[in-house]
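These numbers were taken from a predicted model, which means no experiment stands behind them.
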Amino acid sequence: MSEHAVAVVDTNVLLNLATPVVDGRPKAPSGGDPLKTLLTGYDVHVPASVLGEVTHATGDDDLLAAAADLILQAAHHITTHDVDNRADEPIDYGLDQGEAEGVWLANELEAELFITDEFNTTNYLFINLALDDRNTLFTTPHMLCILATHKILPIEYVDAVLSYYVETKGWDTQYVAPLNADAVCGSYR
């Protein structure tokens, strides 16, 4: 049994954390590896559908496929659960399979964290309502902030990677920009 906090993670979180690591373009931030940091700092669990979604993203010659390949190379750091038909009631809020099964798994494991990138959508509200402990809900930007405030990732790197996500992933500036300030990240200490 791991002494690390249990984190259940959605597909997009893994892909988003891997993307800056495999992006060789000059605009990609350097100085940290958020995927490796998550996988070695937490006891990461996913439903099998999440790794299925990651596998589905491989095979092309693009950034998403490179990120998916990196995740699969590190899959030995991820505990995978077959949760098909195990939930008492399906979570039918318009969530995709990985998200719905992830919420169920987080509840089943009584995970300390459920990490998703469904912020700024109604799905964030639905996920929050479906979690037994609403204090377990985190987003990738919040996790990066936590890693910076605990000096696991440099704050400068976290600022750069959050800006990178706004520029390359189209993340909402109004959501991400306040997290770029050390004062906001400091509230997670």
Side-chain angles (χ1 to χ4, degrees), residues 4-46 50 53-54 57 62-74 77-78 98-99 102 106 111-125 127-128 131 134-189:
H4 297 294
V6 173
V8 176
V9 182
D10 188 14
T11 307
N12 284 333
V13 171
L14 294 172
L15 291 169
N16 286 330
L17 292 176
T19 300
V21 177
V22 298
D23 189 346
R25 298 175 296 179
K27 66 178 160 187
S30 61
D33 185 336
L35 178 66
K36 181 179 179 181
T37 302
L38 178 73
L39 296 180
T40 58
Y42 292 87
D43 183 11
V44 177
H45 295 254
V46 298
V50 166
E53 291 172 0
V54 169
D62 61 11
L63 201 52
L64 181 65
D69 287 338
L70 180 63
I71 294 162
L72 294 176
Q73 291 171 24
H77 291 286
I78 302 170
E99 294 161 353
E112 286 87 350
L113 304 120
F114 177 70
I115 311 169
T116 184
D117 280 342
E118 289 297 320
F119 54 90
N120 281 356
T121 70
T122 54
N123 284 353
Y124 185 83
L125 174 63
I127 290 169
N128 198 22
L131 285 168
R134 291 182 176 92
N135 294 322
T136 64
L137 182 56
F138 292 85
T139 63
T140 297
H142 289 117
M143 281 307 301
L144 290 168
C145 200
I146 289 168
L147 295 171
T149 58
H150 288 98
K151 300 186 184 336
I152 299 167
L153 285 175
I155 188 75
E156 300 80 16
Y157 174 79
V158 170
D159 283 345
V161 81
L162 289 173
S163 295
Y164 167 83
Y165 290 139
V166 168
E167 294 170 16
T168 62
K169 300 269 186 195
W171 284 8
D172 187 346
T173 305
Q174 290 181 313
Y175 182 82
V176 175
L179 295 173
N180 279 6
D182 187 36
V184 173
C185 287
S187 68
Y188 288 99
R189 291 181 193 182

For the residue pair [X] and [Y], what are the closest heavy atoms and their distance?
X      : Y      : value
His77  : Leu39  : CB-CB, 3.9 Å
Phe114 : Gly102 : CE1-C, 3.4 Å
Pro20  : Val161 : CG-CG2, 3.7 Å
Ile71  : Ala18  : CG1-CB, 4.0 Å

Checklist outcome for this item: Ala111 meets the side chain to side chain contact (heavy atoms under 4.5 Å, CB included) criterion, sequence neighbours left out, with Val6, Val8, Ala106
Checklist entry - Under the side chain to side chain contact (heavy atoms under 4.5 Å, CB included) test, which residues partner Asn135, sequence neighbours left out? => result Asp133
Next on the checklist: Given 3.5 Å as the limit, does a donor-acceptor pair link the side chain of Asp117 with the main chain of Thr140, or not?
Outcome noted: yes
Next on the checklist: Show every salt bridge (Lys or Arg N to Asp or Glu O under 4.0 Å) that has at least one partner inside residues 140-149, sequence neighbours left out.
Outcome noted: none
Quick one: are [X] and [Y] in side-chain contact, heavy atoms under 4.5 Å?
X      : Y      : value
Lys169 : Thr19  : yes
Pro141 : Trp171 : yes
Val9   : Val50  : no
Ile115 : Leu38  : yes
Leu17  : Met143 : no
Tyr164 : Asp23  : yes
Thr11  : Val54  : yes

Checklist outcome for this item: Sequence neighbours excluded, the answer for ring pair (Phe, Tyr, Trp, His ring centres under 6.0 Å) partners of Tyr157 is none
N/O donor-acceptor pairs under 3.5 Å from side chains in residues 29-36, not counting sequence neighbours:
residue, atom, partner, partner atom, Å
Asp33, OD1, Leu35, N, 3.3
Asp33, OD1, Lys36, N, 3.0

Next on the checklist: If the condition is salt bridge (charged side-chain N to carboxylate O under 4.0 Å, His left out), which residues does Asp69 pass it with, not counting sequence neighbours?
Outcome noted: none
